[in-house]
Amino acid sequence: MINAQKIYAGEIVKLPPTPESLKLVELVRTILSKTYQSKDLLKIEFAISQKEHYQKGLLAKHNLSHNHKIHQALSKLLQKYTSRVDLLWFDVPRLRIISTTAHQIPSAAPAYAIHRDTWYANSESQFNWWMPIFDTQAQNTFGIYTDYFETAVINDSILFDYAEWKNAGGFQSEKAMNKHFPELKQTIDKTREFKPILKAGEILVFSASHLHGTLANYTDETRISIDFRTVNILDWQSQIGAINVDNASKGNCIKDFLHAIDYSHFPYEA
């Protein structure tokens, strides 16, 4: 079981692969293979145009987030790490496809912005779960800046309104226009940047209040991962969670989360 209080205090937990997490890996790979019509998912970006790779990525993200089997596998995984899964709410899993050239595309810049998830109207009671679909290395992961967990940084989260964000397409929408992506507005010390290196099926769990950001992929393979978020409803109602040092965003995204044991109302593909 995961100790919530330690996560709220800034601890980062690395979980080993389990049958439940490996089932998720298998399901995601199947969705990707069908979408890209290829099993060589780490190299397909070099065989098709950048535009086609991006468009197929959007389709894969849609297919994954609307897939009932993904939700079911995620619910079973969560049951392994909590004795009260009935108290958990989770958001739709998000697929991340980081190509080797994405950091060079101006329109992709928001994906690399250093931020806290709480700046996007996420709860301080929230856990972030990150799982690579293929093994990662230091050259194709993301960075977490643990020195700033309890230290305020200059940011523009005050400009973020969740209602406006949803009206502009929400998370993972290709419609980036008119959407405000909160980001860091100062220089930070990156000398102790933590770069998670995980194998497929391993999971990193950390507080939504951690400062972090996607890093450029300097390998010759696409980085593919999923991430999802959970909130214990009792902790949220009691305002138990990480300290809020600099979040000024408006709104609350938890109303769009799904109950970990009751998600049958969500549209899906059988």
Side-chain angles (χ1 to χ4, degrees), residues 15-77 90-112 129-143 169-176 195-204 213-228 266-270:
L15 303 173
T18 64
E20 293 82 5
S21 69
L22 293 175
K23 178 63 176 179
L24 262 176
V25 167
E26 177 189 353
L27 288 171
V28 174
R29 288 181 180 179
T30 298
I31 290 172
L32 286 165
S33 294
K34 288 181 178 179
T35 305
Y36 282 99
Q37 298 182 320
S38 172
K39 292 186 179 297
D40 193 6
L41 299 170
L42 301 183
K43 300 287 188 180
I44 188 64
E45 67 167 286
F46 303 109
I48 59 180
S49 69
Q50 188 180 78
K51 181 178 180 180
E52 184 179 2
H53 188 259
Y54 172 74
Q55 290 176 334
K56 286 183 179 296
L58 290 177
L59 179 59
K61 292 175 182 180
H62 173 82
N63 291 342
L64 183 143
S65 65
H66 289 73
N67 191 290
H68 174 70
K69 292 181 181 179
I70 291 287
H71 298 167
Q72 184 180 51
L74 180 52
S75 178
K76 289 183 177 180
L77 184 150
F90 69 91
D91 71 341
V92 175
R94 301 175 198 170
L95 177 65
R96 310 290 182 179
I97 303 173
I98 309 299
S99 69
T100 60
T101 58
H103 62 284
Q104 301 171 356
I105 304 172
S107 60
Y112 294 86
W129 304 64
W130 181 80
M131 185 180 78
I133 301 305
F134 296 92
D135 296 356
T136 58
Q137 51 186 300
Q139 291 75 33
N140 69 348
T141 183
F142 69 106
F171 291 104
Q172 292 207 303
S173 166
E174 70 275 19
K175 301 175 182 179
K195 296 181 178 180
I197 301 174
L198 275 66
K199 295 185 179 298
E202 292 183 325
I203 302 175
L204 201 73
T214 297
L215 300 174
N217 181 357
Y218 290 118
T219 69
D220 60 354
E221 296 179 332
T222 307
R223 172 166 77 77
I224 304 175
S225 64
I226 64 169
D227 51 81
F228 53 95
F266 198 79
Y268 65 88
E269 299 171 0

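Nothing fancy with the numbering, it's 1 onward along the sequence.
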Stepwise side-chain contact (heavy atoms from CB on, under 4.5 Å) check, T222 with L41: CA-CA 8 Å; T222 307; L41 299 170; over 6 Å; no
is_close_aromatic(F90, W129), centroid dist under 6.0 Å: no
Atom pair NE2/CD1 of H62 and I31 - distance to nearest 0.5 Å: 11.0 Å
Rounded distance (nearest 0.5 Å) linking atom CD of Q137 with atom CG of L198: 13.0 Å
Results of salt bridge (charged side-chain N to carboxylate O under 4.0 Å, His left out) for E221 - residues two or more places apart only: none
OG on S225 to CZ on R94, rounded to 0.5 Å: 12.0 Å
For I48, side chain to side chain contact (heavy atoms under 4.5 Å, CB included) partners two or more places apart: Y36, I44, E52, H53, K56
Residue pair P196 / T136, side-chain heavy-atom distance below 4.5 Å: no
Nearest heavy atoms of K39 and S33, plus distance in Å: CA-OG, 4.1 Å
Residues which pass side chain to side chain donor-acceptor pair (under 3.5 Å) with T141, listed by chain and number, not counting sequence neighbours: none
Residues in ring pair (Phe, Tyr, Trp, His ring centres under 6.0 Å) contact with F46, at least two apart in sequence or another chain: none
Considering all heavy atoms, the nearest A102-A108 contact: O-CB, 3.5 Å
Residues which pass side chain to side chain contact (heavy atoms under 4.5 Å, CB included) with K51, listed by chain and number, not counting sequence neighbours: S49, Q55
Separation of L95 CG from I133 CD1 (nearest 0.5 Å): 7.5 Å
Under the side chain to side chain donor-acceptor pair (under 3.5 Å) test, residues paired with D227 that sit two or more places apart: R96, R229
Least distance between heavy atoms, A138 atom then K195 atom: O-CD, 3.8 Å
All side chain to side chain donor-acceptor pair (under 3.5 Å) counterparts of T30, not counting sequence neighbours: none
Nearest atoms (heavy-atom pairs only) where P110 meets P106: CD-O, 4.4 Å
Sequence-distant partners of Y218, side chain to side chain contact (heavy atoms under 4.5 Å, CB included), two or more places apart: H103, Q139, A216
With sequence neighbours excluded, residues passing salt bridge (charged side-chain N to carboxylate O under 4.0 Å, His left out) with K43: D220
Heavy-atom pair with the smallest gap, counting every atom of D135 and A200: OD1-N, 2.8 Å
S21: partners by side chain to side chain contact (heavy atoms under 4.5 Å, CB included), with sequence neighbours left out: P17, T18, L77, M131, I203
Residues that Q50 engages under side chain to side chain donor-acceptor pair (under 3.5 Å), provided they are two or more places apart: T101
F134: partners by ring pair (Phe, Tyr, Trp, His ring centres under 6.0 Å), with sequence neighbours left out: none
Side chain proximity check, I70 to F228, heavy atoms < 4.5 angstrom: no
Validation row: N140, I98 side chains within 4.5 angstrom (heavy atoms): no
Straight-line distance of S38 OG to E45 CD, nearest 0.5 Å: 12.0 Å
Flag side-chain contact, heavy atom, 4.5 Å: I105 against Y54: no
Euclidean distance, Q37 CD relative to L32 CG, rounded to 0.5 Å: 13.0 Å
